[in-house]
Amino acid sequence: MKNESFYVTTPIYYVNDKPHIGHAYTTMLADMLARSHRLLGHDTWFLTGTDEHGQKVQEAAEKRGVPPQEHVDTMVKRFEELWERLEITHDDFIRTTQPRHTKIVQEILQDLYHRGEIYQAEYDGLYDVRSETFVTEKDLPDGSSIDNLPEHVKKIKETNYFFKMSKYQDWLIKYIEDNPEFIQPDFRRNETLGFLRKELSDLCISRPKARLAWGIELPFDAEYVTYVWFDALVNYISAVGYRRDDEMFARRWPSQVQLIGKDILTTHTVYWPTMLKAMGVEMPKTIFAHGWWLSGRDKMSKSTGNAVNPLEYADRFGVDALRYFLMSEMSLGQDASFTEEAFVKRYNSDLANDLGNLTSRVLKMVHTHCDSKVPVACEIKEGSPEADLWKHVQTAVTEMSTQIENMRPDLGLAAVMAAVREANKYIGIRAPWKQAKEEDKQPLFETLYVSLEALRVCSALLYPVMPAKMMGLRTQIGAGEAEPAVEDVKVFGKLVAGTVLEEGEGLFPRHQKPKAPQQPKKNKKAENVVTVEEIAIDDFFKAQLKTAKVLEAVAVEGADKLLKLQLDVGGEQRQIIAGIAKHYTPEQVIGKMIIVVCNLKPAVIRGVESRGMLLAASKGKKLTLVTVDAEDFPSGAKVG
Ligand code: MSP
């Protein structure tokens with residue numbers, strides 16, 4: 001890492017949109033990373049902001065009968081207020097209508113025009129008003145054609161300005177191949193490389209003012225404004241001093257990680273790097289595309305009105321619980337499903353039960369039996385239950401930092417929760433309620449001190465995800481009110497004996513499970529009939545089933561029932577472990593198109609990671625794989 005500097009960005013959000021859980025997610029993820037790096041003492045910078053130009057903003061302002069600037073000044077508040085409510089600690093918030101940004105965009109345009117990187121030409125083709133992009137016939141939705149265009153696609157003929165993107169195609173392919181960390185996860189890199197197999201065209205970067213006036217004027221032709229993406233992408237460098245403050249720019253750029261959703265992969269991994277190359281600016285180290293939050297199984301969208309409002313959950317369960325759910329439920333890169341049921345389930349099991357119970361039972365005993373003070377410190381004896389617990393706590397410490405580095409916070413959090421459960425088990429073994437009855441109170445004090453220490457370390461590890469709650473917990477256990485110091489998580493015995501503990505509130509009160517739909521009443525006469533519990537269609541759709549092609553298969557060493565399969569799921573490579581070795585040889589399964597459950601929690605089986613489960617039918621000793629009938633059917637197709 002350059003001078004231990006960490007610069008993280010989110011996409012800048014369309015100011016017109018009502019912020020929903022997707023926007024909140026990327027921003028919380030960036031926040032968690034920024035907080036973690038700040039704790040590590042890295043020179044951290046976290047940028048977010050809003051994208052404020054373009055057709056839709058112009059139209060919305062017209063509809064409201066206000067000038068576009070007034071419109072965006074009103075709309076931006078929703079994002080600013082949401083970030084404050086969600087405890088987001090961005091260092092800067094850029095708006096593309098700010099002069100510090102528009103001026104730099106114009107300077108870049110002027111420079112590229114001057115150097116012949118931008119030229120004028122006539123465009124005669126199709127224009128998609130909805131996405132504000134030029135499209136070709138092959139981009140049209142099924143059922144439409146050049147003679148039967150959908151309403152949002154128009155034929156246009158106009159003079160425009162083009163950026164010579166095509167000349168960087170070969171360079172970009174090589175750059176992506178030589179720098180595997182540039183586009184992450186790997187399957188997204190392959191997606192971009194796939195896109196680059198087709199010939200890249202030049203990028204139209206202007207819009208005539210007659211059609212769209214709300215944009216940044218081209219410095220070399222006042223009849224035009226620049227295309228929103230050519231404006232928006234520049235925010236990542238205009239905000240950190242490009243062409244304005246060399247010292248700041250050298251300190252922040254290249255950024256460490258640019259977080260995006262998978263929907264804006266091409267703009268970030270094709271347009272953006274070629275723009276930077278033409279400007280002579282270094283590439284960001286990593287562009288990381290995460291998956292989508294689905295509403296149950298469906299895409300969230302304004303039109304269906306199924307987008308989850310983060311404020312609703314923050315109000316009902318608390319901001320920290322929302323942050324925890326989002327960070328622990330999504331395996332970065334994959335899509336994840338947001339449902340109230342899943343939320344309540346995770347909240348109750350991880351936060352209310354495991355962590356909440358541990359905290360309240362330990363603190364209750366400390367207040368009752370230790371005069372509300374941290375009991376005397378002890379040493380950990382080798383081979384003792386204390387040593388065992390501490391080992392688990394230290395595994396969580398290592399896992400958390402490794403998984404943050406690997407961009408798998410869900411796995412890091414799972415390791416911390418595993419340590420919390422170990423602490424609960426430890427209390428079960430030592431039974432402090434029995435120890436309290438003994439005359440010698442030393443064993444009781446030891447149990448409570450060790451438990452408090454486990455809580456101290458776990459709360460520090462969870463702090464970047466649940467800052468307010470963990471600070472509350474740390475105050476209650478006497479760990480002080482300062483942010484947790486990273487070095488302290490590896491050391492036993494940091495809590496000072498005799499520290500007086502204030503009684504605090506319960507951290508995570510249990511929530512009622514959302515009411516399950518009523519089961520039909522049992523018919524008395526049919527008492528002897530074996531009934532299968534019925535599930536709602538939504539329950540079925542929670543399983544994300546997809547077609548997958550088996551690329552490789554090998555036996556798992558030391559396990560006669562297991563095969564390790566490498567699958568292609570619509571361009572994404574996945575490894576799963578399947579218990580089919582008694583029925584299939586590796587050669588028999590290679591090339592088959594099977595069905596896998598893609599959103600199953602990853603598991604480690606015999607030391608090997610398995611990300612999903614295949615479908616097979618079995619009866620008695622017979623087993624057969626569920627495969628796809630049609631030949632040449634694509635992998636990655638939805639099943640259901
Ligand atoms: N303004 C452009 C980005 C320009 S960046 C130079 C834009 N804005 S947006 O408002 O549509 O936000 C897109 C981003 O919001 C996604 O890339 C993703 O980070 C986040 N999400 C929006 N919906 C989402 C989900 N349903 N799930 C997860 N995140 C998604 O595109």
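Every number for a ligand or one of its atoms is a count from 1 in the order of the listing. The residues of the chain are indexed from 1 along the displayed sequence.
With respect to E329 and R346, a salt bridge is recorded, a charged nitrogen being found less than 4.0 Å from a carboxylate O.
Residues passing the side chain to side chain donor-acceptor pair (under 3.5 Å) test with Y463, sequence neighbours excluded: E483. For the side chain to side chain donor-acceptor pair (under 3.5 Å) test, no residue two or more places apart in sequence or in another chain qualifies with T44. With sequence neighbours left out, N309 forms a side chain to side chain donor-acceptor pair (under 3.5 Å) with no residue at all.
Residues lining ligand 1 at a heavy-atom distance below 4.0 Å are given as P11, I12, Y13, Y14, D17, H20, G22, H23, T26, D51, W229, A232, L233, N235, Y236, G261, D263, I264, H268, H290, G291, W292, W293, ordered by chain and residue number.
The aromatic ring centres of W83 and F93 sit 6.0 Å or more apart.
Remark: the backbone N or O of D298 is not paired with any side-chain donor or acceptor of S295 at under 3.5 angstrom.
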